[in-house]
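In what follows, chains are A, B, ... by sequence order, proteins preceding strands, each numbered from 1. Computed from a prediction, not measured in an experiment: that's the story for all the values here.
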Amino acid sequence: MRQSKLFGRTLREAPAEAQTPGHRLMLRAAIARPLAAGLYTWLPLGFRVQKKVEQIIREEQDRIGAQEMEMPVLTPAETWKQTGRWDALEPITFRTKDHNGREFMVSYTHEEFVHLHAMQEIQSYKQLPQIVYHFQSKGRDEARPRAGLLRVREFVMKDAYSFDADQAGLEKSYAAEFGAYERTFQRMGLDAISVESDTGAMGGDVAHEFQVLTEVGEDRIAVCSNCDYRANLEKATRSVRRDGFEALDKAPEPSEIRTPGATSIEALQALLKRPPEAFLKTVLLTDARGTVVAVVLPGDREVNEAKLRKILGTSEVKFANDGQFAAAGGVPGFVGPVGLKARVLIDSSLDRRAFIAGANKKDTHLQNVVIGRDFRGEEVDVHDVREGDHCPRCKTGTLTIKRGVEVGNIFAYGTYYSDKMRATFVAEDGTQKPFVGGSYGIGVGRAVQTIIETHHDEKGIVWPPQVAPYHAHVLALPVNDADVRATAESLVAELEKRGIEVLYDDRDETAGVKFADADLIGIPLRVTVSKRNLKENLAELKLRSATDAEMVALAGGADRIADIVGSWPR
RNA sequence: CGGGGCGUGGCGCAGCCCGGUAGCGCGCUUGGUCUGGGACCAAGAAGUCGAGAGUUCAAAUCUCUCCGCCCCGACCA
């Protein structure tokens, strides 16, 4: 490819809106361009990367026996209504109607439709297991697209769907996808770790996210210093040292203490000279329907909203308003679980010992409040894990919180969809049984930008060879020297004959511009054919990832380049 | 959705407070000198100042409304 003809030019300065290093480089190197908030066009260079990433994903899916197919972007409303997701997804999806008024959704994902096809194509357990997948655009009307390709409103996702006859089969399919994901990300140069994740509104039990740890990520991941425990903060737990049991019997009955104006844990600490763990924090919240729930936590902990939403089975959690406070018998700033008229959730990390809690009475708290004796509630894990907490798995390590980009996820949902859609097959015993399924997604564009975020230096992108837009970048210096041009062009032709992908910088630019652009675009091998080197019949080879260059004889140049390119992982 | 910021040639920005008819750098075009790390000289082209309405003799500048984009948070299988 002649660079003088390349559609897409490099930018010396990045547009002001680009914030993350990957976003800036993606724009500067002419990988992609914005069309509107969260909508991007792949330019030719970026599109080549996208196709290579897709191909790696494809090969690893094929390796585990998954079959590629393709389902439409536009999907009919009726099927979504069968599973209740037409309404549930309303706030974050794009919708349209045809000329007859029939409703469609720009598909958010394709579980419903793959089930529809599975019930048509699979009648017998003998046809199971199956995994199918496709690469398809998804529409998500995100409230806040951000950081270039990391969060967008339309993107190509590889989504795979497994169908098994039973739970044991699902576990095998899940494990196969897990392995495929590990190989897939490794091959494209992403150091993705698997973390336990929340299954969210989808139901189901087991889910893993594949996270690439980087500061630009928007997810927060708890990572153990000692073992392999890694979990999204939406799900992470901790090991709690219980040391207050003996105090239980000795605690006297609760009694009131005057705490004028002490409406926060901090104020109480200051007033009573006690550590934050001495207090119970009680928060009044409501679910989407407005039902009030009281969450009781250690004084130094916060509610984890994701955990709470899952416990309540609701799509949103809000703070209770004044009327709801009054109805529950709570006084803002002095809320406590004793005598409260609301559903009470007790965080599972709380010790069985005497606490100080709000008295539901202005300027008053209760001391010697004991869980189980003075109030009751459901014991659940609803608190936020934080840096320094003890690992729930090995108990000895401590947790650190890191940021991550979720490049893929795998999710065993079981019969969640097949039950609702009556998607069944005939089992060995002759009865109709629902498919047991899982879904497995990878965001292609997000993966591409994450590769840039994690593979660059101050000069530009440093593509892993497997996904680089071209293998070699041939620079002619200067291009208007007839000998240089003829030599460079015959080298390019010879390389292309060997199947090497070459970007040929034939632009009439100075050396500085060409080198700077080569560094910016980040093609793994740079080949310089110059007037200077030509005198000695040499060409210069330099790996983008290396600091030193190598001089080779022009005569054997193509062989040497082919060796280098051939030595790269595929 | 809450909070904040920004919209001026393709990109980065100044001008706005204090109204007088738009400027700088990069890029682009033509000619020339150059050619191993973002060259130099000369001559050019290119802007409904996000949109609409209002105030005024006069609006990029003041007022109002709307739109778009970015950041933080919320939200996001």
Side-chain angles (χ1 to χ4, degrees), chain A residues 8-20 23-24 27-28 30 33-39 83 85 88-89 91-93 107-112 138 140-148 150-153 155 157 159 161 197-204 206-209 216 218-219 232 234-235 288 305-306 309-310 315-319 406 408-413 416-417 437-441 443 459-460 475-481 484-485 505 507-520 526 528-535 538-540 542 549 551:
Chain A
R9 65 191 194 89
T10 55
L11 306 176
R12 194 172 288 201
E13 296 167 288
E17 71 265 17
Q19 305 281 323
T20 71
H23 188 189
R24 296 173 65 82
L27 293 172
R28 288 189 55 213
R33 296 280 180 244
L35 205 53
L39 299 175
T83 60
R85 294 215 288 179
L89 295 175
I92 49 169
T93 47
S107 191
Y108 183 84
T109 175
H110 285 83
E111 277 87 4
E112 277 80 355
K138 311 285 176 178
R140 300 188 178 184
D141 190 5
E142 298 285 351
R144 186 154 100 79
R146 65 175 288 274
L150 287 187
R151 178 164 293 279
V152 291
R153 299 197 294 172
F155 61 99
M157 176 189 269
D159 42 328
Y161 302 94
S197 71
D198 178 29
T199 50
M202 304 288 301
V206 190
H208 286 86
E209 291 168 350
V216 305
E218 53 191 342
D219 290 331
N232 195 307
E234 293 175 355
K235 170 158 184 167
E305 272 199 46
R309 276 200 305 273
K310 178 145 203 208
S315 59
E316 75 171 325
V317 170
K318 285 195 275 201
F319 286 109
E406 180 190 355
N409 57 30
I410 59 176
F411 180 34
Y413 50 69
Y416 186 87
Y417 296 96
S439 67
Y440 314 90
K459 291 177 174 171
L475 274 51
L477 291 180
V479 77
N480 53 20
D481 180 289
V484 169
R485 192 173 60 241
D505 193 346
R507 298 172 305 163
D508 183 14
E509 292 286 355
T510 60
V513 170
K514 291 191 178 193
F515 286 135
D517 274 346
D519 288 339
L520 175 59
R526 189 183 77 193
T528 309
V529 176
S530 70
K531 201 168 175 176
R532 198 174 77 181
N533 297 336
L534 213 51
K535 287 179 192 150
L538 296 173
E540 181 199 78
K542 182 183 168 296
M551 301 305 294

If you check every side-chain atom of A:A516, which of B:rC76, B:rG38, B:rC69 has the closest atom? B:rG38
Using the C1' atom in both, what is the distance from B:rC75 to B:rG7, to the nearest Å? 27 Å
Between CG of A:L11 and P of B:rG38 the distance, given in whole Å, is 19 Å
Between B:rC6 and B:rC13, how many Å separate the two P atoms, rounded to a whole number? 12 Å
Please tabulate the protein-to-nucleotide N/O contacts below 3.5 Å involving nucleotides 46-51 of chain B, giving atom names and distances.
none

From B:rC69, B:rG38, B:rG12, nucleotide with atom closest to A:A37 side chain: B:rC69
Scanning all shown strands, the Watson-Crick or wobble mate of B:rC11 with both distances under 3.5 Å is B:rG25
For B:rA58, the nucleotide meeting Watson-Crick or G-U wobble distances (both under 3.5 Å) is none
Counting only Watson-Crick pairs (N1-N3 plus N6-O4 or O6-N4) and G-U wobbles (N1-O2, O6-N3), all under 3.5 Å, who is the partner of B:rA45? none
Could you work out which one of B:rA77, B:rC26, B:rC71 sits closest to the side chain of A:Q19? B:rC71
According to the Watson-Crick and G-U wobble definitions, with both distances under 3.5 Å, which nucleotide is paired to B:rU33? B:rA39
Scanning all shown strands, the Watson-Crick or wobble mate of B:rC16 with both distances under 3.5 Å is none
Base-pairing mate for B:rC76 - Watson-Crick or G-U, with both contacts under 3.5 Å: none
Separation of B:rG27 atom C1' from A:L27 atom CG, nearest Å, is 16 Å
Between B:rA45 and B:rG54, how many Å separate the two P atoms, rounded to a whole number? 35 Å
Separation of the P atoms in B:rG38 and B:rG20, to the nearest angstrom: 41 Å
Take atom P in B:rG23 and the same atom in B:rU48, then report the distance between them in whole Å. 14 Å
Nearest to side-chain heavy atoms of A:R526, which nucleotide of B:rG36, B:rC72, B:rA77: B:rG36
Between B:rC70, B:rG36, B:rC69, spot the one nearest the side chain of A:A36, thanks. B:rC69
Contacts under 3.5 Å, N or O only, protein and nucleotides 28-35 of chain B:
unit_1, atom_1, unit_2, atom_2, d
B:rU35, O4, A:N480, OD1, 3.1
B:rU35, O4, A:N480, ND2, 2.4

For A:A14, is there any backbone N or O sitting under 3.5 Å from a side-chain donor or acceptor partner on A:R28? no
In whole angstrom, give me the gap between the C1' atoms of B:rA22 and B:rG9. 11 Å
When the P atoms of B:rU33 and B:rU21 are considered, how many whole Å apart are they? 42 Å
Expressed as a whole number of angstroms, how long is the span from A:R12:CZ to B:rC11:C1'? 11 Å
Nucleotide nearest A:D517 when distance is taken to its side chain, options B:rG38, B:rA77, B:rC71: B:rG38
Could you please name the partner base of B:rU65, counting Watson-Crick and G-U wobble pairs only when both distances are under 3.5 Å? B:rA51
Suppose you measure atom P in B:rG50 against the same atom in B:rA14; what distance do you get, rounded to whole Å? 14 Å
